[in-house]
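The structure under discussion appears below in the form of structure tokens.
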Amino acid sequence: MKIVTYNVNGIKARLPRLLEYLAEQQPDVVCLQELKASDETFPVKDIEAAGYGAVWHGQKSWNGVAVLAKGTAPVERQRGLAGEVEDEHSRYLEAEVGGTVIASIYLPNGNPQPGPKFDYKLRWIDRLRARALDLLAEEVPVVLAGDYNVIPNDDDTYSVRAMQEDALMQPESRAGFRSLVAQGWTDALRTRNPKGGIWTFWDYQAGAWQRDAGFRIDHLLLSPIAADRLVDAGVDKDYRGREKASDHAPTWVRLR
DNA sequence: ATGTCCTCTACGAGAGGA
């Protein structure tokens, strides 16, 4: 089964691109981030017409996550993360699809740093780690898929220098991501491409796509049972070069 | 530092976020 994470940067603007992707790739599961749409305006009819069931956690203007499944309705397990009652950002949605637990994650960007947005990012990572530990204890196949807004290693970016001051690459961001993975998760893309040099995001600005000036921030973390079933992982890069593309490319894992 | 894009408000262009 092919499981995809895709930050669409606005579901309304990206709907033609998404429907095209579903038709062409026929993925089994798709985790979406940055819907930038309220629950009421999520285009569920178009997605169902494409043959997919969906659960979603929307928010007007910002954030918003969803889980789509081909030919079946994902069963929602949890929306949002515990630990901060006043947090109203729609950034976490967990569902079950055919016995596999799937989480769609939109980790805070954290820029500018230092500052309150960066502090929020680090707290959010801690809250995610707490949830991830609970999921590991369930001993079921789990895929934590999403836009983590963390560049894990120096070889995950076209330029360490250009990103040096960015929240995505700060030691604290990396340490949080590393300690999450160290719980026992497998970073699927990294496992398949241990030398790095794989990008999932290219900025709209400064001709980043044309220069291949990207970095890897969309990740799929596999629980041990899911990791045993890993066949391959990759990036459907050409969708980044199409008309009205998102700044992220769909990033996927294939499990037996 | 930023050459772009998306959304909202509210009808025209600027703010805010990434």
Side-chain angles (χ1 to χ4, degrees), chain A residues 5-21 30-44 46-47 56-66 86-92 104-125 128 145-152 156-170 172-174 176-177 199-219 235 237-251:
Chain A
T5 180
Y6 186 17
N7 179 322
V8 290
N9 188 15
I11 186 76
K12 291 188 197 79
R14 214 65 60 213
L15 191 58
R17 207 61 325 116
L18 174 64
L19 296 176
E20 174 185 68
Y21 184 76
V30 182
C31 296
L32 302 175
Q33 300 88 33
E34 277 207 86
L35 302 176
K36 296 185 174 180
S38 64
D39 281 340
E40 295 73 24
T41 57
F42 182 80
V44 59
D46 295 287
I47 286 164
W56 61 96
H57 187 198
Q59 185 179 344
K60 192 172 163 183
S61 300
W62 324 119
N63 311 314
V65 285
E86 63 276 20
D87 183 3
E88 292 180 349
H89 291 201
S90 299
R91 296 182 176 276
Y92 183 89
S104 183
I105 290 165
Y106 180 44
L107 207 143
N109 176 294
N111 281 305
Q113 73 80 29
K117 290 186 177 181
F118 189 60
D119 297 340
Y120 172 61
K121 175 182 193 149
L122 298 181
R123 291 199 307 276
W124 206 93
I125 294 176
L128 176 62
D147 175 1
Y148 282 73
N149 272 312
V150 175
I151 298 168
D156 289 317
T157 172
Y158 75 103
S159 167
V160 168
R161 205 167 92 176
M163 299 304 292
Q164 199 72 61
E165 300 305 318
D166 199 285
L168 278 57
M169 228 181 69
Q170 293 313 297
E172 298 92 333
S173 307
R174 287 180 161 182
F177 184 78
W199 319 143
T200 68
F201 170 94
W202 296 258
D203 204 293
Y204 286 126
Q205 297 188 69
W209 170 247
Q210 288 74 14
R211 295 187 291 126
D212 197 29
F215 33 90
R216 186 175 76 99
I217 52 176
D218 299 277
H219 308 304
V235 181
K237 185 175 172 178
D238 72 289
Y239 289 86
R240 176 61 181 85
R242 298 193 186 188
E243 200 72 24
K244 297 275 280 178
S246 170
D247 41 6
H248 296 250
T251 303

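Sequence lines set the chain letters: A, B, ... in the order given, protein chains first and strands last, and positions in each chain run from 1.
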Rounded P spacing from B:dC5 to B:dA10 in Å: 26 Å
For chain A, the stretch of DNA chain B it reaches, first to last nucleotide, under 4.0 Å of its heavy atoms: B:dT2 to B:dA18
Integer angstrom distance from the P of B:dC6 to that of B:dA1: 26 Å
Nearest-angstrom distance, P atom, B:dG3 to B:dA15: 16 Å
Of A:A37 and A:G110, the one whose closest DNA chain B nucleotide lies more 5': A:A37
Ring centres under 6.0 angstrom apart (A:Y106, A:H89): no
Other residues, nucleotides, ligands: >12 heavy atoms within 6.0 Å of A:E243 CD: no
Pair A:R123-A:D119, salt bridge (Lys or Arg N to Asp or Glu O under 4.0 Å): steps then yes or no: CA-CA 6 Å; A:R123 291 199 307 276; A:D119 297 340; 5.4 Å; no
Exercise: identify the closest heavy-atom pair between A:K244 and A:R14: O-NH1, 2.6 Å
Sub-4.0 Å heavy-atom contacts from residues 239-250 of chain A onto DNA chain B, ordered by number: A:K244
Touch class at under 4.0 angstrom, heavy-atom based, for A:Y106 against every strand present: sugar-phosphate
Cation-pi check, A:R174 onto A:F177 ring (under 6.0 Å, within 45° of axis): no
5'-most by nearest nucleotide on DNA chain B - A:K117 or A:N9: A:N9
Sugar-phosphate only, base, or nothing, as touched by A:A206 at under 4.0 Å among non-hydrogen atoms: base
Side-chain donor-acceptor contact under 3.5 Å, A:Q59 with A:S38: no
A:F215 ring center near A:W199 ring center (under 6.0 Å): no
Exercise: identify the closest heavy-atom pair between A:A249 and A:Y6: C-CD1, 4.2 Å
